[in-house]
Amino acid sequence: MKVQCLKGFRDYLPEEMLQKNRMVRAVQQVFECHGYPPLMTPALEYSEILLGKYGVEGEMLLYRFRDNGDRDVALRYDLTVPLARVLAEHGEITMPFRRYQIAPVWRAEKPARGRFREFMQCDVDLVGADTAAADAEMLVIGSAVMKELGISGYRIRINHRGILAALCRLAGLTSAGEVEFLRLLDKLDKIGADAFRDQVGQISGIDEAGVESVLKIVMANPGDSRQILAGLEDALGSDPEAVSSIERMSEVLDLVEASGVSEQCHIDPSIARGLSYYTGLVYETFLDSLPGFGSVMSGGRYDGLVGLLAGKDLPAIGISLGLDRLFSAMKELNLLENRSQPADVLVVQFSQALAPASFAAAARLRTAGIATVVYPRDAKLKKQFQFAQKAEIPFVVVIGEDEQSRGTLQLREMDKGSQQEISIDEAIRIIGVELPEGNNQ
RNA sequence: GUGGGUGUAGCUCAGUUGGUUAGAGCGCCGGCUUGUGGUGCCGGAGGCCGAGGGUUCGAGCCCCUCUACCCACCCCA
């Protein structure tokens, strides 16, 4: 037997888990700060719930099997379709409905850098409002999450399905070649205009003059979202769907600007999205320093999805942060705080006879809310101090015979190298003052 | 899934045209005496050389298969 973790899956060792938990807490805090309560759904769904929602490529990536009761089940592929199922199943839910969910999803893809078969998604969705306010709220939350995570070098690229549909029409396409056309459009900045012309030219029914018009629109890069919208208006002004999409994006920009987060939000008509359920605004987020990592946070409006399960449509929009991918990116960029364990204080065990004194002190410290570990053996003090140093525990408490008889303890601050003999109450006070905000795990 | 690359100690890697008991740095453990970390010095443990098969008197090194990882394509979070 070869002992190894399943391909595409990964272990998070304690130090990494500490870092990942910090990210989860930050995301959760931002979501709740925007008025979103949590939702939890099972990892498994009936296959028929998930089938027909992700397009043919997505469907092939489902982990699907028969359970012990011979039910046809699948691991959830995202958090959006399970949300739609909940909405369809629970008629008592009132609109507008907000929820967030931070949970793993599974896709049987070929693993690569920043891409796993099991990964944590952080989703917020707002159901029941097809408005610019709802659209903008997603971008506001997305920006807030990135800020809270300490990431500044990124851009959210925003488009609208209506623009994409209009571009397809401009290129002479009906529904037939659309998927292929949009895929190439999405790759345009990677492959370049010539390769685009070349490959798009193979789609049957394509209009070459139309393709040039599309290129002109998409390649025009004024750098400013308002100017891009103006350009789209000029070029697609005769297409009613495009006009209303442009108007919507313009309203969204108003609100994003009013929220003070327009810096990283950019209209980009070349952004397409793979999942087939999107109907309106769509967006993807790329890190400036790691563009090859792919999108770390994306989503869009999906006004038709709930209807597939509920029988009647409900407008909805959401955004999803790929936490594991972002974790990998931040690790590569050295943006994660390194701390191998959560204790702020090590209480040494001076001798076996003095272990009760150490335990008593530790109990007092913990009652005061200070994360504390006691060294598990009466090893040499040198060894115990080395442990504290390696584990980056900022304080060490020593209680030997002398301290015990005087009712005091030695409090050593590791990075300063300073030490003082004081009472436990004084120690609690000092540790409370010295510890940086949020250091407690 | 397709193409290319790489698997040698916990980690990063050396290892000469195939030739005896496979190396380094870092890390780990112990020591440099008795109540205190970071540096230094000394010592130690730890490898079926990714797995299986083949060629050869002889394979870490050559060939085949498998597997894992990395890069590109593809797609995405």
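We name chains A, B, ... by the order of the sequence lines, and we start the count at 1 in each one. Quick caveat, the model's predicted, so the values are computed rather than measured.
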Do NZ/NE/NH1/NH2 and the carboxylate oxygens of A:Lys20 and A:Asp324 come within less than 4.0 Å? yes
Just distance, no hydrogens or angles: give the donor-acceptor pairs under 3.5 Å from side chains in residues 393-404 of chain A, sequence neighbours left out.
unit_1	atom_1	unit_2	atom_2	d
A:Glu403	OE1	A:Gly400	N	2.9
A:Glu403	OE2	A:Gln410	NE2	2.9

Rounding to the closest angstrom, what is the interatomic distance between B:rC64 and B:rG23 at atom P? 30 Å
With a 4.0 Å cut-off on heavy atoms, is A:Arg113 in touch with a base, just the backbone sugar-phosphate, or nothing at all? sugar-phosphate
Please figure out whether A:Pro111 or A:Gln121 has its closest RNA chain B nucleotide nearer the 5' end. A:Pro111
Please determine whether the number of non-hydrogen atoms from other residues, nucleotides or ligands lying under 6.0 Å from atom CD of A:Glu48 exceeds 12. no
Using the P atom as the point on both nucleotides, what is the distance between B:rU67 and B:rC28, in whole Å? 37 Å
Considering only the P atoms, how many Å lie between B:rG25 and B:rC41, rounded to the nearest integer? 11 Å
How is A:Gly299 classified with respect to the nucleic acid when contacts are heavy atoms under 4.0 Å: base, sugar-phosphate, or nothing? nothing
Please name the nucleotide paired to B:rG60 by Watson-Crick or G-U wobble geometry with both distances under 3.5 Å, or report none. none
Between C1' on B:rA68 and NZ on A:Lys7, what's the gap in Å once rounded to a whole number? 7 Å
Classify the angle between the aromatic ring planes of A:Tyr302 and A:Tyr278 as parallel (below 30°), tilted (30 to 60°) or perpendicular (above 60°). perpendicular
Given RNA chain B, 5'-ward residue of the pair A:Arg117 and A:Ala112, judged by closest heavy atom: A:Ala112
When both distances are under 3.5 Å in a Watson-Crick or G-U wobble arrangement, the nucleotide paired with B:rA68 is B:rU6
Paired to B:rU16 by Watson-Crick or G-U wobble criteria (both distances under 3.5 Å) is none
For nucleotides 25-35 of chain B, 5' to 3', base contacts (B), sugar-phosphate-only contacts (S) and non-contacts (-) with protein non-hydrogen atoms under 4.0 Å give ---SSSS---B
Rounded off to whole Å, could you give me the CG-to-P distance for the A:Leu6 and B:rU67 pair? 14 Å
Between B:rC71 (C1') and A:Glu332 (CD): distance, integer Å: 13 Å
In whole Å, what separates the C1' atom of B:rC29 from that of B:rG10? 13 Å
Would you mind classifying the nucleic acid contact of A:Phe387 as base, sugar-phosphate or nothing, using non-hydrogen atoms under 4.0 angstrom? nothing
Applying side chain to side chain donor-acceptor pair (under 3.5 Å), which residue pairs with at least one partner in residues 345-374 of chain A are found, sequence neighbours left out? A:Arg364-A:Asp425
Would you mind classifying the nucleic acid contact of A:Lys416 as base, sugar-phosphate or nothing, using non-hydrogen atoms under 4.0 angstrom? nothing
Using both distances under 3.5 Å as the test, list the Watson-Crick or G-U wobble partner of B:rC73, or none. B:rG1
Check the distance between B:rC73's C1' and A:Gln199's CD and give it to me in whole angstrom. 11 Å
Grab the N/O contacts between the protein and nucleotides 1-3 of chain B below 3.5 Å, and write none if there aren't any.
unit_1	atom_1	unit_2	atom_2	d
B:rU2	O4	A:Lys110	NZ	2.8

Count the heavy atoms belonging to other residues, nucleotides or ligands that lie under 6.0 Å from CZ of A:Arg169, then report whether that count exceeds 12. yes
Phosphate OP1/OP2 of B:rC73: any A:Lys187 side-chain N/O under 4.0 Å: no
What contact category does A:Met120 fall into here, base, sugar-phosphate, or nothing, at under 4.0 angstrom with non-hydrogen atoms? nothing
Side chain A:Arg325 and base B:rC76 donor-acceptor under 3.5 Å: yes
Can you check the distance between B:rU36 and B:rC42, where both ends of the measurement are the P atom (answer in whole Å)? 23 Å
When the C1' atoms of B:rC76 and B:rG1 are compared, how many Å lie between them, rounded to an integer? 16 Å
For A:Glu413 and B:rG37, what is the distance between atoms CD and P respectively, to the nearest whole Å? 17 Å
Between A:Arg248 and A:Asp130, does at least one N-O distance fall below 4.0 Å, as a salt bridge requires? yes
Salt bridge (Lys or Arg N to Asp or Glu O under 4.0 Å) filter on A:Glu45, not counting sequence neighbours, yields A:Arg85
What integer distance in Å separates A:Asp415:CG from B:rG38:C1'? 12 Å
If we take the P atom in both B:rU39 and B:rC61, what is their distance in whole Å? 39 Å
Report the relative orientation of the aromatic rings in A:Phe31 and A:Tyr100; use parallel for angles under 30°, tilted for 30 to 60°, perpendicular for over 60°. tilted
Suppose you measure atom C1' in B:rU56 against the same atom in B:rU17; what distance do you get, rounded to whole Å? 16 Å
Sequence neighbours excluded, which residues qualify as ring-ring contact (aromatic ring centres under 6.0 Å, His included) partners of A:Phe65? none
Decide, yes or no, whether a salt bridge links A:Asp72 with A:Arg64 under the criterion of side-chain N to carboxylate O below 4.0 Å. yes
In terms of side-chain geometry, is the basic nitrogen of A:Glu263 or A:Lys147 positioned less than 4.0 Å from the acidic oxygen of its partner? no
Grab the CE-P distance between A:Met297 and B:rC76 for me, whole Å please. 18 Å
Between A:Leu321 (CG) and B:rC76 (P), how many Å, whole number? 18 Å
May I ask which nucleotide in the shown strands pairs with B:rC49, Watson-Crick or G-U wobble, both distances under 3.5 Å? none
Should B:rC29 form a Watson-Crick or G-U wobble pair with both distances under 3.5 Å, which nucleotide is its partner? B:rG43
So what's B:rU34 paired with, Watson-Crick or G-U wobble, going by both distances under 3.5 Å? none
What is the pairing partner of B:rA22, taking Watson-Crick or G-U wobble pairs with both distances under 3.5 Å in any strand? none
